[in-house]
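Everything numeric here is computed off the predicted structure, so don't read it as measured data.
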Amino acid sequence: MSSITRFYYDPFTEFDRLFDDAFSARFTPRSSAVAETDSDRQALVRPRMDLYENKDTNTVTAAFELPGLKSEDVSIEVHQNRLTVSGEFNKTESREESGYAVRERRQGKFSRTIQLPTGIKNEDVKAKMENGLLTVTFPKETPEQQPHRITVS
């Protein structure tokens, strides 16, 4: 009996893995390095992220593509001026196709971390989840960091 398997290839995922491996090998001490297996690597997913700045409102917006996830499946944390978006997904899909039962399963964990500007308070970070798109907005500069003009008398 043969099984039908669909495979979607994303070349950028392989480039991300190569860079992650190169930098982790360079900056992680050998004694604390954990061996990764192919199954561990398959289970870790890096969601796509767009980062853009709005100069009019002095904000930065990070948009994460998280299709099929709800807001309760996603965790957002701010620690030491770093914003971490993480979560776990487990999706099972079944259907009949040409007389065959097709069952697809996707599962894994994800985590993305970005550096926040200095002086950002936790309450300044706003997040909204809509149709699988997580949008996180925070100020680029706090009022204390913006330059002030001093007049000479």
Problem set entry | Distance (rounded to the nearest 0.5 Å) between Leu134 CG and Ile76 CD1 |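 It is 4.5 Å, given to the nearest 0.5 Å.
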Exercise. Between atom CZ of Phe89 and atom CG of Leu69, what is the distance when rounded to the nearest 0.5 Å?
Worked result: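 Phe89 atom CZ to Leu69 atom CG measures 7.5 Å (nearest 0.5 Å).
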For [X], check side-chain contact (heavy atoms from CB on, under 4.5 Å) against everything at least two apart and list the hits.
X: Asn122; result: Val78
X: Gln115; result: Asn81, Arg82
X: Ser94; result: Arg103
X: Leu51; result: Val60, Ala62, Ile114

Tell me, please, which residues at least two apart from [X] pass side chain to side chain donor-acceptor pair (under 3.5 Å).
X: Thr57; value: Asn54, Thr59
X: Gln80; value: none
X: Thr135; value: none

So do [Y] and [X] actually touch side chain to side chain, heavy atoms under 4.5 Å?
X: Ser75; Y: Val85; answer: no
X: Phe64; Y: Arg112; answer: yes
X: Met129; Y: Val74; answer: yes

Exercise. Hey, mind stepping through Phe138 and Val125 against side chain to side chain contact (heavy atoms under 4.5 Å, CB included) and telling me if it holds?
Worked result: CA-CA 5 Å; Phe138 52 89; Val125 179; 4.1 Å; yes
Problem set entry | salt bridge (Lys or Arg N to Asp or Glu O under 4.0 Å): pairs with one or both residues in residues 54-79, sequence neighbours excluded |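 Salt bridge (Lys or Arg N to Asp or Glu O under 4.0 Å) check on residues 54-79 returns no pairs.
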For this session: Determine, step by step, whether Glu104 and Arg95 satisfy the salt bridge (Lys or Arg N to Asp or Glu O under 4.0 Å) criterion, reporting the C-alpha distance in whole Å, the side-chain angles of both residues, the deciding distance to 0.1 Å, and the verdict.
Result: CA-CA 9 Å; Glu104 295 180 8; Arg95 66 181 182 279; 3.4 Å; yes
Exercise. For Glu88, what residues pass the salt bridge (charged side-chain N to carboxylate O under 4.0 Å, His left out) criterion, not counting sequence neighbours?
Worked result: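 Counting only residues at least two positions away or on another chain, Glu88 forms no salt bridge (charged side-chain N to carboxylate O under 4.0 Å, His left out).
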Exercise. Between Pro47 and Leu66, what is the shortest heavy-atom contact and its length?
Worked result: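 Answer, listing the atom of Pro47 first, then Leu66: CB-CD2, 3.6 Å.
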For this session: Have a look at Thr61 and tell me which of Val136, Asp50, Thr137 forms a side chain to side chain contact (heavy atoms under 4.5 Å, CB included) with it.
Result: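 Running side chain to side chain contact (heavy atoms under 4.5 Å, CB included) over Val136, Asp50, Thr137 with Thr61 returns exactly one hit, Thr137.
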